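These numbers come from a predicted model, not from an experiment. In what follows, chains carry the letters A, B, and so on, assigned in the order in which the sequence lines appear, proteins first and then strands, with residues in each chain numbered from 1. All values below come from the heavy atoms of this structure, side chains included, with hydrogens, waters and symmetry mates left out.
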Amino acid sequence: MDLVEESPYRFRIDRRAPMRVPGMVFASRALLPEAGADRSLEQVANVATLPGIVGASYAMPDVHWGYGFPIGGVAATDVADGGVVSPGGVGFDISCGVRLLAADLDRADLPRIREALMDGLDPAVPRGMGRGAVWRLADRAELDAVLRGGSRYAVERGHGVTRDLARCEDGGAVDDADPAQVSDRAVQRGQGQVGSLGSGNHFLEVQAVDEVYDEPAAAAFGLRSGQVTVMIHCGSRGLGHQVCTDHVRAMEPTMAGHGIEVPDRQLACAPVDSPQGRAYLGAMAAAANYARANRQLLTEAARRVFHRVAGARLDLVYDISHNLAKIETHEVDGVPRRLCVHRKGATRALPPGHADLPDDLRPVGQPVLIPGSMGTASYVLTGVAGAPAFASTCHGAGRTRSRGQAGRAVRGQDLRRDLEARGVAVRGASWRGLAEEMPTAYKDVSAVVESAQGAGLCRLVARLVPLGVVKG
DNA sequence: ATGTAC
């Protein structure tokens, strides 16, 4: 893949047929995916062929190989110009995302209560493949209420406070969810998983604010140096996975009829303005709301433990997805256009002044939450004005080695011992799952966020370090 | 990510 270095942190893949736009990779030279080991830059070029794509096919500094689209990819299509929506541009874990809670505790309080907190969280946070959930839904009607209402429905039912919703993307629920487009099989898989972490890179972590880079922004977010925080990373579990599977299958046989040809079967798509496009977006919104309710219920589970063990409160800083497509208006060449912005392993980062931000955050910009790999730092960033890539930035460290490679390279027991020796308490779901998340299977998250800032995508606000991890 | 292949 030929890359042209436009400036530090910015590499172009020149347009050549059948690409409709160039590719644009935001990364330091050191973070660029290794050719041969990872085909994600070919995927960036493939995405550039999609009907209606505008600007460029973008890759964030944590880009790596994914299903059809790269993880760490952003693509916007023009709805009025035959623009498509593609389930592969969202990912299997629809509205997977991160929520950050701020405790009224200081890290100096932690040594004496940390083990009690971790022992309280361990049984209170359902996790692992399949297995258990905080909430048992009565019937399909109640699941439909979750699919329509997301965190708003959870709060209505007493799982949270109204203030939480002001600190959620979309006020806690995406509009236009269409539960009728969610199959019975997806419903069956989702019925018993609302309020569960899942597995893989999902976690609930007790952290401390280790360094503040931007005091006014941190203060507006409700964060101060030394404060204890809780980060929750999870998604839409089996329900979101089934929605993706179902709608890829439904789109495949309709593509020729829409006159769409793509270089990779995994780029299955349909015009936003088509029956298949609308069906997917309705189901995707429903799965997104499921993921938001999931994070809201896990928040309540953590709150109960912090209250019982430490008499402490947890206030929501923000909840943001990094796997989602949204219909948004952006200026393209000075003209406002309705775009379907796919962010897959990429985080929306609204700039200061944006109308969709709550009043108290509007002067600063949207909080962007970046989880690191297990045992390493996480970051809080904020959006900046005039950024490229339709107000998007990175989402995490980004894998460099597969799950299988990682699982063979280290034993979970050894990894846990190393983490505990470095002051990180570990409550895992399985030894194998722990091993697959070894930090050396990931890029350096600090280098990723520095590249994202260097590329003009966002600004650093604070660094968080782990004290204890409840691992999916 | 995922009842890690219907």
Residues in salt bridge (charged side-chain N to carboxylate O under 4.0 Å, His left out) with A/Glu437, at least two apart?
-> A/Arg399, A/Arg403
So, A/Arg292 and A/Ser321: side-chain donor and acceptor under 3.5 Å apart, yes or no?
-> yes
Would you mind listing every side-chain hydrogen bond (donor to acceptor under 3.5 Å, both in side chains) that reaches into residues 40-56 of chain A, with sequence neighbours excluded?
-> A/Asp38-A/Ser40, A/Arg39-A/Glu42
Sub-4.0 Å heavy-atom contacts from residues 279-296 of chain A onto DNA chain B, ordered by number | none
In chain order, what residues pass the ring pair (Phe, Tyr, Trp, His ring centres under 6.0 Å) check against A/Tyr153, with sequence neighbours excluded?
-> A/Trp135
Can you run down the side-chain hydrogen bond (donor to acceptor under 3.5 Å, both in side chains) pairs that involve residues 55-78 of chain A, sequence neighbours left out, and say none if there aren't any?
-> A/Asp62-A/His395, A/Asp78-A/Arg337
Taking only residues two or more places apart in sequence or in another chain, which ones pass side chain to side chain donor-acceptor pair (under 3.5 Å) with A/His354?
-> none
Identify, residue by residue, the members of residues 439-449 of chain A with a heavy atom below 4.0 Å from DNA chain B, and return them in order of residue number, or none.
-> none
Between protein and nucleotides 2-6 of chain B, what N or O pairs are separated by less than 3.5 Å?
unit_1	atom_1	unit_2	atom_2	d
B/dT2	OP1	A/Arg237	NE	2.9
B/dT2	OP2	A/Ser199	N	2.9
B/dT2	OP2	A/Ser199	OG	2.9
B/dT2	O2	A/His241	NE2	3.2
B/dG3	OP1	A/Arg189	NH2	2.1
B/dG3	OP2	A/Gln193	NE2	3.2
B/dG3	N1	A/Arg189	NH1	3.3
B/dG3	N2	A/Arg189	NH1	2.8
B/dG3	N2	A/Arg189	NH2	3.3

Salt bridge (charged side-chain N to carboxylate O under 4.0 Å, His left out) involving A/Glu261 - partner list, sequence neighbours excluded = none
Would you please name every residue forming a side chain to side chain contact (heavy atoms under 4.5 Å, CB included) with A/Leu369, sequence neighbours left out?
-> A/Val98, A/Leu100, A/Tyr318, A/Ile320, A/Val380
For A/Phe203, all residues meeting ring pair (Phe, Tyr, Trp, His ring centres under 6.0 Å), sequence neighbours excluded = A/His233
Applied to residues 425-448 of chain A, the ring-ring contact (aromatic ring centres under 6.0 Å, His included) test, sequence neighbours excluded, yields none
